[in-house]
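Every value quoted in this text rests on a predicted model; they were computed, and no experiment measured them. As a basis for the values below, the full set of heavy atoms in this structure was taken, side chains included, without hydrogen atoms, waters or symmetry mates.
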Amino acid sequence: MHASAKELAAKIPPGFTLGVATAAFQIEGAVDVDGRGKAGWDVFAAKPGAIVDGHSPAVACDHYHRMPQDVALMKELGVDSYRFSLSWPRIQPGGSGPVNRAGLDFYDRLLDELLANGISPMVTLYHWDTPLQLDEAGGWLNRDTAYRLAEFAAIAAAAYGDRVARWVTINEPATVTTNGYALGLHSPGKADFANGLPSVHHQLLGHGLAVQALRAAKVPGEIGMSNVYSPMVPNSANPLDRLSAGAMDVAQNRLYADPVLAGKYPDLVRLGKFFSSFEHPDEDMAIISQPLDFYGLNYYMPTRVAAGGGDSPVPAAMAEAIGDDLSATTPGAPLHIEPWPDTETTAYGWPVKPAYMAVALKEMAERYPNLPPVIITEGGASFEDIIVRDKSTNRSFIPDERRLRYLSDHLGTALRATAPGGEAESVDLRGYYVWSLLDNFEWSGGYNQPFGLVHVNFETLERTPKASYYWFQELLEERTLVAAAGVAVAAAVEGAVPEGAVGEGGVPEGVVPDGAERAVSDGEASPLGS
């Protein structure tokens with residue numbers, strides 16, 4: 001049984017950020033409105049067979065027109081922070097040159113709305129929606145795209161730098177390369193791993209140049225990047241399976257994290273002939289490996305790896321979810337992904353293995369001695385939701401127990417692993433962002449993969465909070481009560497409220513919310529750290 005909100009709240013340290021996350025292309029819609037330019041994803045999504053069931057991102061959640069309503073949902077939820085991305089083609093339609101004032105104004109309004117409601121903004125500069133002109137010029141295969149991202153970062157810093165608490169330069173470069181340039185499942189739809197390899201370096205260079213642009217603008221907010229991490233597990237004790245898992249670990253994890261956090265590509269990559277397919281100046285690595293204020297980790301699942309092609313490159317449930325069995329793109333594959341035996345899976349076919357959250361954090365700590373503070377910038381699960389309607393009130397309820405349990409188990413594992421005595425106690429874990437606030441357009445999976453705390457009816461666009469939303473709301477409320485109890489106890493012991501006793505997401509100095517006194521006297525809540 002997962003921990004109750006109250007039990008979990010007691011484990012949350014002071015200053016720990018609890019937030020929700022989205023991405024512009026997945027929720028905004030309004031693709032032809034107010035001067036937005038086309039993204040490569042607009043063209044890719046229109047290709048027959050590219051998206052499951054032919055779903056279109058043209059409207060998505062219509063967040064562009066319903067933004068105040070969605071911020072109100074966050075306010076009611078009580079989150080500390082909202083991670084969202086800027087639509088590059090909405091702000092800079094051609095990917096270079098002039099800006100679109102209407103696009104800038106939309107995010108001006110969003111930032112002001114968030115701050116007016118006490119929600120701290122975390123802004124992602126690039127979450128996959130490359131302007132079409134840049135994609136047509138080679139996308140991330142073209143070194144110039146890295147410099148265009150730096151130009152975009154400077155535009156964003158000038159417009160929003162005074163209001164953004166945290167910046168993410170680029171989201172999941174591993175997914176962009178694997179799905180967009182190696183397998184052809186995402187925009188720009190290229191399917192050639194060896195020739196797609198420069199997209200790795202150019203994205204990382206774009207990250208480094210964007211960091212430089214933000215720092216040159218002297219933004220006060222923290223700066224980091226975000227990449228997906230999946231622990232790789234051999235399917236058996238067979239040495240070939242172990243080698244395959246190691247190779248997959250390099251290709252999906254270390255190829256991206258090593259340059260940023262250790263200043264070099266993994267030895268296996270540097271020695272590999274395929275890596276010599278492009279050259280880069282020596283100074284690139286210094287740009288890529290600049291110190292960061294935080295490192296964003298997107299964690300969803302571990303991966304079970306076996307040698308050889310197997311019956312299919314990925315388990316059947318995963319292939320069905322993305323609408324492609326990958327057989328045409330991986331002839332004679334040297335390795336494949338195996339399903340986990342006797343393991344619950346999400347609607348995407350992803351295994352639910354919360355214990356591996358601790359493995360991911362432990363591996364990061366062991367590999368990178370100078371690891372900056374870590375934020376889980378995405379975590380969540382897609383499950384088919386059942387809508388229950390109360391005939392007497394005509395109100396809907398969505399009892400998404402599996403999503404609720406997933407979030408509780410994964411957050412709880414992360415907190416235990418990084419607490420004193422935990423497997424990854426050296427990791428300075430600063431926050432956890434739920435993917436996602438809203439059900440949305442899940443790339444090639446279309447609208448068939450609901451991750452949201454809030455259900456979206458994509459015909460009426462009606463929003464309905466799910467049980468997981470109310471659980472997360474309770475967690476946030478209980479966390480505040482625990483923090484208040486800690487302040488009250490400290491005040492009773494010291495005779496005054498200690499300065500700075502409560503950090504972000506806690507209670508303002510000297511304020512004890514209703515119920516805190518009762519919680520202490522009844523023994524229902526204990527000071528933080530107990």
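- Here the closest non-hydrogen pair linking Trp140 and Thr130 is NE1-OG1, 3.9 Å.
- Side-chain contact between Leu475 and Ile12: present, with at least one pair of heavy atoms (C-beta onward) separated by less than 4.5 Å.
- The list of salt bridge (charged side-chain N to carboxylate O under 4.0 Å, His left out) pairs with a residue in residues 418-429, not counting sequence neighbours, reads Asp428-Arg430.
- For His127 and Trp88, the distance between ring centers is not under 6.0 angstrom.
- Panel note: side chain Ser81, backbone Pro121; no donor-acceptor pair is recorded below 3.5 Å.
- In this structure, Asn227 and Ile170 have side chains that are not in contact, with every pair of non-hydrogen atoms separated by 4.5 Å or more.
- The CZ atom of Arg143 sits 14.0 Å away from the OG atom of Ser199 when rounded to the nearest 0.5 Å.
- Considering CD of Gln290 and CE of Met225, their distance stands at 12.5 Å, rounded to 0.5 Å.
- Take Lys353 and apply the salt bridge (charged side-chain N to carboxylate O under 4.0 Å, His left out) test, not counting sequence neighbours, and it matches no residue.
- In this structure, Ser436 and Ala21 approach most closely via the heavy-atom pair OG-O, 2.8 Å.
- Checking side-chain atoms of Tyr433 against main-chain N and O of Met122 turns up no donor-acceptor pair under 3.5 Å.
- Between Tyr126 and Phe152, the closest side-chain pair of non-hydrogen atoms is not below 4.5 Å.
- Shown here are the ring-ring contact (aromatic ring centres under 6.0 Å, His included) partners of Phe84, two or more places apart in sequence or in another chain: Tyr82.
- Pairing each heavy atom of Asp439 with each of Pro450, the nearest pair is OD1-CB, 3.3 Å.
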- [ ] Could you please spell out the steps behind the side-chain contact (heavy atoms from CB on, under 4.5 Å) verdict for Asn100 and Gln92?
- [x] CA-CA 6 Å; Asn100 172 32; Gln92 194 181 30; over 6 Å; no

Open item on the list: Run Arg166 and Ser120 through side-chain hydrogen bond (donor to acceptor under 3.5 Å, both in side chains) and show every step you take.
Closed with: CA-CA 9 Å; Arg166 286 173 174 148; Ser120 177; over 6 Å; no

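- Checked by atom type and distance alone, the side chain of Asn142 pairs as donor or acceptor with a backbone atom of Asp144 at under 3.5 Å.
- A search for ring-ring contact (aromatic ring centres under 6.0 Å, His included) contacts involving Tyr356 returns Trp340, not counting sequence neighbours.
- For the salt bridge (charged side-chain N to carboxylate O under 4.0 Å, His left out) test, no residue two or more places apart in sequence or in another chain qualifies with Glu442.
- Side chains of Asp258 and Tyr368: a donor-acceptor N/O pair is present below 3.5 angstrom, by distance only.
- Every residue two or more places apart in sequence or in another chain that forms a side chain to side chain contact (heavy atoms under 4.5 Å, CB included) with Pro234 is listed here: Asp241, Arg242, Ala245.
- Under the 30°/60° scheme for interplanar angles, the aromatic rings of His280 and His201 are found to lie parallel.
- Of all heavy-atom pairs between Leu438 and Ile27, the closest is CD1-CG2, 4.5 Å.
- Interatomic distance, CG of Leu8 versus CG of Leu411, reported as 4.5 Å (0.5 Å rounding).
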TODO: Please step through side-chain contact (heavy atoms from CB on, under 4.5 Å) for the pair Ile119 and Asp80, ending with a clear verdict.
DONE: CA-CA 5 Å; Ile119 300 168; Asp80 304 324; over 6 Å; no

- [ ] Check the pair Val305, Val233 against side-chain contact (heavy atoms from CB on, under 4.5 Å), reporting the backbone distance first and the verdict last.
- [x] CA-CA 6 Å; Val305 186; Val233 182; over 6 Å; no

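- Counting only heavy atoms from C-beta outward, the side chains of Asn440 and Trp435 approach each other to under 4.5 Å.
- Under the salt bridge (charged side-chain N to carboxylate O under 4.0 Å, His left out) criterion, no residue pair touches residues 124-139, with sequence neighbours excluded.
- The one candidate from Thr145, Thr169, Thr177 that meets the side chain to side chain donor-acceptor pair (under 3.5 Å) condition with Gln203 is Thr177.
- No side-chain heavy atom of Leu209 sits less than 4.5 Å from a side-chain heavy atom of Leu149.
- Applying the salt bridge (charged side-chain N to carboxylate O under 4.0 Å, His left out) test to every pair with at least one member in residues 201-221, sequence neighbours left out, gives these pairs: Arg215-Asp293.
- The side-chain heavy atoms of Asp34 and Phe106, taken from C-beta on, include no pair separated by under 4.5 Å.
- To the nearest 0.5 Å, the span separating CG on Leu77 from CZ on Phe472 amounts to 6.0 Å.
- Not a single donor-acceptor pair under 3.5 Å links the side chain of Asp409 to the backbone N or O of Pro354.
- If you take CE on Met364 and CG on Leu371, they are separated by 5.0 Å, rounding to the nearest 0.5 Å.
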Task: Derivation of the side-chain hydrogen bond (donor to acceptor under 3.5 Å, both in side chains) call for Thr124 and Asn171 - done: CA-CA 7 Å; Thr124 303; Asn171 179 77; 5.7 Å; no

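- Using cut-offs of 30° and 60° on the angle between ring planes, the pair Tyr348 and Phe451 is tilted.
- At a threshold of 4.5 Å between non-hydrogen side-chain atoms, the residues Leu335 and Leu243 do not count as touching.
- Ion pairing between a basic and an acidic side chain is recognised when a charged N comes within 4.0 Å of a carboxylate O; Arg109 and Asp105 show no such pairing.
- Partners of Glu378 according to the salt bridge (charged side-chain N to carboxylate O under 4.0 Å, His left out) rule, which considers only residues two or more places apart in sequence or in another chain, are Arg83.
- Nearest heavy-atom pair across Leu204 and Pro173 is CD2-CG, 4.5 Å.
- In this structure, the side chain to side chain contact (heavy atoms under 4.5 Å, CB included) partners of Asp42, at least two apart in sequence or on a different chain, are Phe25, Val31, Arg36, Lys38, Ala39.
- Scanning for side chain to side chain contact (heavy atoms under 4.5 Å, CB included) contacts around Met357 gives Tyr299, Leu361, Ile376, His410, Thr413, Ala414, Tyr432, with sequence neighbours left out.
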Open item on the list: For a side-chain contact (heavy atoms from CB on, under 4.5 Å) check, start with the C-alpha distance between Thr346 and Tyr300, then their side-chain angles and the critical distance, and finish with the verdict.
Closed with: CA-CA 10 Å; Thr346 70; Tyr300 290 95; over 6 Å; no

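- With 3.5 Å as the limit, one finds a donor-acceptor pair spanning the side chains of Gln26 and Trp443.
- Ser230 places none of its side-chain heavy atoms less than 4.5 Å from the side chain of Gln252.
- In this structure, Arg403 CZ and Leu453 CG are separated by 7.5 Å, a value rounded to the nearest 0.5 Å.
- A salt bridge does not link Asp267 with Arg254: none of the charged nitrogens is closer than 4.0 Å to a carboxylate oxygen.
- Scored by the side chain to side chain contact (heavy atoms under 4.5 Å, CB included) test, Ala30 finds Val33, Tyr64, His65, Arg90 as partners (sequence neighbours excluded).
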